[in-house]
Student: 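Sharing a structure, written as structure tokens. Questions coming.
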Amino acid sequence: MKYICKSIVLILVFTLGSCKSFLDTEPKDFLSKQNYYTTEDHLNRALISVYDILGSNNTYGSNMLGRMGLDADQAFYGRNEKTGVSVYETAATDPLVTSFWQAMYDGINRANVLLENASRPAMNEAKRNTIIGEAKFLRAYYYFLLVTNFGDVPLKTKTNDSPAETNFPRVPKREIYDFIIKEMTEAEAMVSTAGKVGFGGKISKSAVRGILARVCLHMAGHPVNDVSKYAEARKWAKMVMDPDPSDGYVHALNPSYKQIFINYAQDLYDLKESIWEVEFWGFADGTYSESKRVGSNNGIRAHHTDNATNDLIGYAYGYIQTTASHFMLYGSESKAIGSVVLEYSNDMRRDWTIAPFYYGTSHNGAKVYPPATVADMYRRLSGKWRREYELIKPKSKNDTPQNYPLLRFSDVLLMFAEADNMVNEGPTPEAVEALNKVRRRGYGKNLKAELVRNIVITNQGTGYPASTTISITGGGGTGAAATATVVSGKITDITITDEGSGYTSAPTITITGTGGKNAAATAVISQIAATKADFTIAEIGTKEDFLKLIQDERTRELAFENLRKGDLVRWGIFYQNMQNEAQDMVTGAASTWSVHSRYFTNVRQKDEVWPIPAREIGLNQGLVQNPGW
């Protein structure tokens, strides 16, 4: 990706001690602050080092992607872990929690050093102010991640004057939030507009405003409960929704939900929808790599050994498996095609977000949709980040070039609807319209034509090999793809791996396999025009009813984007929801998956936050542990 291409140079010559405690005071390298911050280029490189924390393995580069319980009731960690934060059996010595804490304070230290030296180079003042604004915002964002995950934390806004300073007490979370809002508000006046920035990997006014709305919603909710911040959240979200007065730039939803995530895989920016994203980037010739684990940790499980398959679909661990309750939030419909009754969802986000298949040892989807039982729903995997769409080859087994969203426009619309509902004590036409915009896109209403939603086998045929292929042609559309499951020479299942787009009529399904004969199948396209997406105020009811609709819409729209646990905590329903999931999974999941119910049964009220790392308490005389840990 464009913006971080210099970071490898900076990190090599200006490492700020990322493996050390946040108490460390000086960079452990050969460049001192006195002889480094002398040019504009130095300042820009220092800023890149502050951004770099976002892509660390300890944050969005790996650990936060399904391994730290941040998906809460949406999903569970589908590995046989018995201890650790990934299954809510957390300890103060947990390495992932400790590394996260250290990464946040590393980023804060980097920002502190930059801000203390920002006045030194001779340079254009407007450019200097922009750098200062971005650094202030990032420092505040790292404090936001700390306060939401640990509660009260030390507040460091300058580098240590002396290595002997080892007493940094925790500051009440309200004061941390006040600092975050102050810093971000100052940054909003200093950074460039989205129209001027032009891509989502760099901080813009829209990114600051949207994150300020998120911060204010958290401060308005549990445990701070400063309800005056709902009005602030509404204000900041509305500023993102309206044309920017500085340059007239207007954000909008991408008509296609799945295209948002294909763009992340293919290094394509869509700033109207994706307002802020973590940059990852890689070149096949090996000259530079900033690839991490997006789509590898949290993609569709693909375990195979041959390189040809790896380059086609990519290897993925599939750590995240969904819960039945999350699956059912998307709703379902029944439709008879001849003697076959199909179960499907009019919400097109479901089968992209929660993949209806996984990959085996070759490019062959294993059908798990439609689910015959509740137990089958637990088999579904996170499907937003699909490695088959990556363009860079050869594909690494572990690392990917895919970007990761930190703020999308649909999130802003839903935050506005929630804040407006709380401010006005019930739904207003403007808030309902914001919700309905998100729902219309989810139901395909912004698309010009249909998608291939199902393929019905009308004749299983005989004599087909495992290598049988499915071709989808005609119908006015493009992009639809599917794979066949062959048992004893018969086509027993056809799995759609891409629904395509632009279909005006049902395409033709062609089944090809050496020696096979007589198999036939029919495509079923969606009926976008026939589905209802909008709610009316009359249908919604009370403030509480509307809030519940928004809560459900947020999990449908923003699943697996590291927002769910924080949302549940600020709504005050985290513990209860996790208890409910525990009961559902123990009784509803197949034995294969019910063993993973420990992810939910381990949860206690104290799990709203993580423990303060024991290592940091040992180094910092002012730290005390969170209650219950």
Side-chain angles (χ1 to χ4, degrees), residues 51 53-78 85-88 90 96-97 99-101 103-104 107 138 141-150 180 200-201 207 210-211 213-215 217-218 221 260-261 264 273-280 292-299 317-323 326 349 353-354 381-385 400 402-412 414-415 551 553-571 574 577-578 599 607-610:
Y51 273 96
I53 296 299
L54 295 170
S56 164
N57 282 329
N58 300 318
T59 59
Y60 298 104
S62 178
N63 290 350
M64 292 175 71
L65 307 178
R67 299 183 63 201
M68 300 187 77
L70 297 171
D71 301 300
D73 62 349
Q74 292 174 337
F76 61 95
Y77 185 66
V85 67
S86 60
V87 292
Y88 283 94
T90 317
L96 301 189
V97 172
S99 297
F100 180 88
W101 172 284
M104 292 299 99
L138 287 168
Y141 184 72
Y142 296 146
Y143 270 116
F144 176 61
L145 293 180
L146 283 166
V147 75
T148 52
N149 286 295
F150 294 99
I180 293 167
I211 297 298
R214 183 181 296 167
V215 170
L217 282 177
H218 276 264
I260 301 166
F261 303 95
Y264 291 136
E273 166 85 32
S274 185
I275 299 171
W276 187 29
E277 55 196 73
V278 187
E279 297 267 21
F280 296 109
K292 290 295 173 67
R293 304 292 289 270
V294 180
S296 175
N297 283 7
N298 56 348
Y317 292 92
Y319 288 152
I320 305 175
Q321 293 182 218
T322 196
T323 57
H326 181 208
R349 294 170 295 187
T353 300
I354 310 171
L381 299 151
S382 166
K384 282 185 171 180
W385 294 276
T400 83
Q402 298 200 39
N403 278 16
Y404 190 81
L406 298 180
L407 178 69
R408 295 198 287 112
F409 186 56
S410 56
D411 186 7
V412 173
L414 294 174
M415 288 192 292
Q551 290 172 343
E553 198 64 34
R554 284 187 67 81
T555 193
R556 285 187 286 261
E557 175 69 23
L558 303 168
F560 316 133
E561 296 182 36
N562 275 306
L563 298 173
R564 183 61 173 176
K565 182 185 177 185
D567 280 346
L568 293 180
V569 170
R570 69 181 177 84
W571 290 326
F574 167 72
N577 274 37
M578 297 298 275
Y599 176 96
D607 286 298
E608 287 186 355
V609 293
W610 293 326

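Here the structure is a predicted model, which is why all the values come from computation and not from measurement. Keep in mind that the numbers below use all heavy atoms, side chains included, and drop hydrogens, waters and symmetry copies.
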Student: Using a strict threshold of under 4.0 Å (side-chain N to carboxylate O), is an ion pair present between D73 and K565?
Tutor: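 Not counted as a salt bridge, because no side-chain N and carboxylate O are separated by less than 4.0 Å.
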Student: Please check if any side-chain donor atom of Y319 sits under 3.5 Å from a side-chain acceptor atom of S382, or the reverse.
Tutor: no
Student: Can you tell if the side chain of T148 reaches within under 4.5 Å of the side chain of V609, non-hydrogen atoms only?
Tutor: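 T148 does not reach V609 side chain to side chain.
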Student: Once you measure the plane-to-plane angle for F574 and Y88, does it fall in the parallel (<30°), tilted (30-60°) or perpendicular (>60°) bin?
Tutor: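 Because their plane-to-plane angle lies in the 30° to 60° range, the rings of F574 and Y88 count as tilted.
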Student: Could you tell me whether H326 and F76 have their ring centroids closer than 6.0 angstrom?
Tutor: no
Student: Would you say the ring centroid of W385 lies under 6.0 angstrom from that of Y264?
Tutor: no
Student: With ring centroids as reference points, do Y599 and Y77 lie under 6.0 angstrom apart?
Tutor: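 Not close enough - the centres of the two rings lie 6.0 Å or further apart.
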Student: Should Y317 and R293 be marked as a side-chain contact (heavy atoms from CB on, under 4.5 Å) after you check the CA-CA gap, both sets of side-chain angles, and the distance that decides it?
Tutor: CA-CA 10 Å; Y317 292 92; R293 304 292 289 270; 3.2 Å; yes
Student: Within the 4.5 Å heavy-atom criterion, are I275 and F409 side-chain neighbours or not?
Tutor: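 Result yes, sub-4.5 Å side-chain heavy-atom pair found.
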Student: With side chains defined as the heavy atoms from C-beta onward, is the minimum distance between L407 and I211 less than 4.5 Å?
Tutor: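 Heavy-atom side-chain distance check passes, below 4.5 Å.
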Student: Is T322 close to Q74 at the side-chain level, that is, under 4.5 Å between some pair of heavy atoms?
Tutor: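 No, side chains not in contact.
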Student: Determine, step by step, whether L70 and N149 satisfy the side-chain contact (heavy atoms from CB on, under 4.5 Å) criterion, reporting the C-alpha distance in whole Å, the side-chain angles of both residues, the deciding distance to 0.1 Å, and the verdict.
Tutor: CA-CA 10 Å; L70 297 171; N149 286 295; 3.9 Å; yes
Student: Take N298 and F560 through the test side-chain contact (heavy atoms from CB on, under 4.5 Å) and record every step on the way to the result.
Tutor: CA-CA 8 Å; N298 56 348; F560 316 133; 5.9 Å; no
Student: Hey, mind stepping through Q551 and D567 against side-chain contact (heavy atoms from CB on, under 4.5 Å) and telling me if it holds?
Tutor: CA-CA 8 Å; Q551 290 172 343; D567 280 346; over 6 Å; no
Student: If the condition is salt bridge (charged side-chain N to carboxylate O under 4.0 Å, His left out), which residues does R408 pass it with, not counting sequence neighbours?
Tutor: E273, E557, E561
Student: What orientation do F144 and Y141 show, parallel under 30°, tilted 30 to 60°, or perpendicular over 60°?
Tutor: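 It falls in the tilted class, 30° to 60°.
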Student: So, using side chain to side chain donor-acceptor pair (under 3.5 Å) as the criterion, who are the partners of D71 when residues are at least two apart?
Tutor: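 D71: no side chain to side chain donor-acceptor pair (under 3.5 Å) contacts found.
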Student: Is it true that K292 and E279 make a salt bridge, defined as a side-chain N closer than 4.0 Å to a carboxylate O?
Tutor: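 A salt bridge is absent here (no side-chain N lies under 4.0 Å from a carboxylate O).
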